[in-house]
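Structure, as structure tokens:
Residues take their numbers from the sequence shown, with the count starting at 1.
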Amino acid sequence: MEFADYIQTLCIPGNGIDKSSVKVEWSQNYCRQSLPFICDKIENEWKKKCLICPSMWNGSKFRLHQIQLSRKNNCHMPQVKLLLGSTCYKDFIGSNCAPESEILVNLGLQNHDNSQAYASDPLGVGALITTNDNNIIFIRRSGQCAEFPFMDVIAKAGDDFQNMDSSLILEEIFDSILKEVTEEVNIPIQNLSSPLLLGVSYNPLTMRTPSLEFYLKCDLSTGEIQELYTKRIEGDIEESTELIIIPAEDVLNNDLKELKYYDQLTFGAKAAIIFFKVFSSK
């Protein structure tokens, strides 16, 4: 697997993409295609997964159909447009996560000239967080997580989005990652910078599931964040077991595979590190 085939770098050294440079277009035309046997397959996969993880629930998600990039007035940073439809978590489990997902890829190419046509492709968001003493915070997932249990992740969100108005969707996407950091790590929003979009990851383990990867700077120290984490009383407490700390210097000065915990990092976490290295380079 060529890692570069599954990531899309949007940042440049010293600059990420802020909310003002992102636009959203929602349309029913951007929802996944379907066939009767695919609907049956999704139902069967969902039932099997619910037996393994009884705490799972279905919820609405935005589906990423396409990302369009444009540049204006010789600006180095692109303008980003997200073409979004609707999907749900059940469709994700029954398509992107299904054992025979390659069948859907081939059908998409055959019927629509698009490998993702029958995929749920819910849009996730993730954030690489740095502390004021130059460490990066990762979260170790618990065995109760349906996706990638016991793996180390950056803060991830896939909220049950409700809005269909394009301007409100954009606000919801950027707000959701701040909300997720607060719920998962217990860092107050006022201690976090505004999110900067660094790039997009397409997880090869789940049929290229897309995730927007952001950068957040926290003005608290590592010790203060760890103390806050131990005091969580609400949110998805059962979904993680501990924080993993990696010095930013180690990330910037070493190859990805040389990092401690490399084998425990999810694909999205590895992609976020690659984007961060570009963002932090001179």
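Linking ILVMFWY residues whenever their side-chain heavy atoms come closer than 4.5 Å, directly or via other members, places L64 and I177 in the same cluster. Put simply, I93 and I42 are part of two different groups of oily side chains (I, L, V, M, F, W, Y) that touch within less than 4.5 Å, one to the next. Following chains of ILVMFWY side-chain contacts shorter than 4.5 Å, one cannot reach V278 starting from F276, and the two form parts of different hydrophobic clusters. Hydrophobic clustering places L109 together with F37 (ILVMFWY residues linked when any side-chain heavy atoms are closer than 4.5 Å, directly or through intermediates). One hydrophobic cluster, built from ILVMFWY side chains closer than 4.5 Å, cannot hold both L83 and F174; they sit in different ones.
At least one side-chain heavy atom of V80 sits under 4.5 Å from a side-chain heavy atom of L69. In this structure, F92 and K61 have side chains that are not in contact, with every pair of non-hydrogen atoms separated by 4.5 Å or more. Between I225 and T222 there is no side-chain heavy-atom pair separated by less than 4.5 Å. For the pair D121/T87, no side-chain contact is recorded, criterion being any heavy-atom separation below 4.5 Å from C-beta on. Looking at heavy atoms from C-beta onward, I12 lies in side-chain contact with M77 at the 4.5 angstrom threshold. When side chains are defined from C-beta on, L123 counts as touching I173, because their heavy atoms get closer than 4.5 Å. Contact of the Y261 side chain with the I246 side chain is registered, since non-hydrogen atoms from C-beta on lie closer than 4.5 Å. Using a 4.5 Å heavy-atom cutoff, the side chains of L216 and T130 are not in contact.
Listed by chain and residue number, H112, Q116, A117 satisfy the side-chain contact (heavy atoms from CB on, under 4.5 Å) test with N114 (two or more places apart in sequence, or in another chain). Every salt bridge (charged side-chain N to carboxylate O under 4.0 Å, His left out) that R32 has, sequence neighbours left out, goes to D91.
Taking the centre of each ring, Y215 and F279 come in below the 6.0 Å mark.
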Checklist line | Evaluation steps, side-chain contact (heavy atoms from CB on, under 4.5 Å), between L84 and V24 | finding: CA-CA 7 Å; L84 302 179; V24 166; 3.9 Å; yes

Next item on the list: Would you please test F267 and S201 for side-chain contact (heavy atoms from CB on, under 4.5 Å) and show each step?
Entry: CA-CA 8 Å; F267 182 84; S201 65; 4.0 Å; yes

Margin query: I'd like to know whether I7 forms a side-chain contact (heavy atoms from CB on, under 4.5 Å) with V200, so could you lay out the CA-CA distance, the side-chain angles of the two residues, the decisive distance to 0.1 Å, and finally the verdict.
Written below: CA-CA 6 Å; I7 61 174; V200 189; over 6 Å; no

Next item on the list: Could you walk me through whether Y30 and Q66 pass the side-chain hydrogen bond (donor to acceptor under 3.5 Å, both in side chains) test, one step at a time?
Entry: CA-CA 8 Å; Y30 301 146; Q66 187 182 5; over 6 Å; no

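There is a side-chain donor-acceptor pair under 3.5 Å between E213 and S211.
E184 places no side-chain N or O within 3.5 Å of a backbone atom of V181 that could act as its donor or acceptor partner. Judged by distance alone, the side chain of S193 and the main-chain N or O of K217 form a donor-acceptor pair under 3.5 Å. Under the 3.5 Å distance criterion, the side-chain polar atoms of K81 are left unmatched by any main-chain donor or acceptor of I67. Checked by atom type and distance alone, the side chain of N203 never pairs as donor or acceptor with a backbone atom of T209 at under 3.5 Å.
Residues K90 and N58 share a closest heavy-atom pair of N-OD1, 2.9 Å. For the residue pair T206 and C97, the shortest heavy atom distance occurs at CG2-SG, 4.0 Å. When all heavy atoms of P247 and N135 are compared, the pair lying nearest together is CA-OD1, 3.2 Å. Between C31 and S86 the shortest heavy-atom distance is SG-N, 3.3 Å. In plain terms, the two heavy atoms of I187 and T182 that are nearest each other are O-OG1, 3.0 Å. Closest approach of L252 and S280 over heavy atoms only: CD2-CB, 3.6 Å.
In this structure, E249 places its CD atom where only 12 or fewer heavy-atom neighbours from other residues, nucleotides or ligands lie under 6.0 Å away. Around atom CD of Q28, no more than 12 heavy atoms belonging to other residues, nucleotides or ligands sit under 6.0 Å away.
Cation-pi geometry between K270 and F3 is not satisfied (NZ or CZ under 6.0 Å from the ring centre, within 45° of the ring normal). For R232 and Y229, the positive end sits near the middle of the six-membered ring, less than 6.0 Å away and at most 45° from its axis.
A side-chain hydrogen bond (donor to acceptor under 3.5 Å, both in side chains) with Y118 is found for exactly one of N111, N106, N96, namely N111. Results of the side-chain hydrogen bond (donor to acceptor under 3.5 Å, both in side chains) test with E45 over K47, K49, K48 single out K48 as the only residue that passes. Under the side-chain hydrogen bond (donor to acceptor under 3.5 Å, both in side chains) test applied with D219, the options N191, N132, T131 reduce to a single match, N191.
Here salt bridge (charged side-chain N to carboxylate O under 4.0 Å, His left out) pairs that include residues 6-23, with residues two or more places apart or in two chains, are K19-E171.
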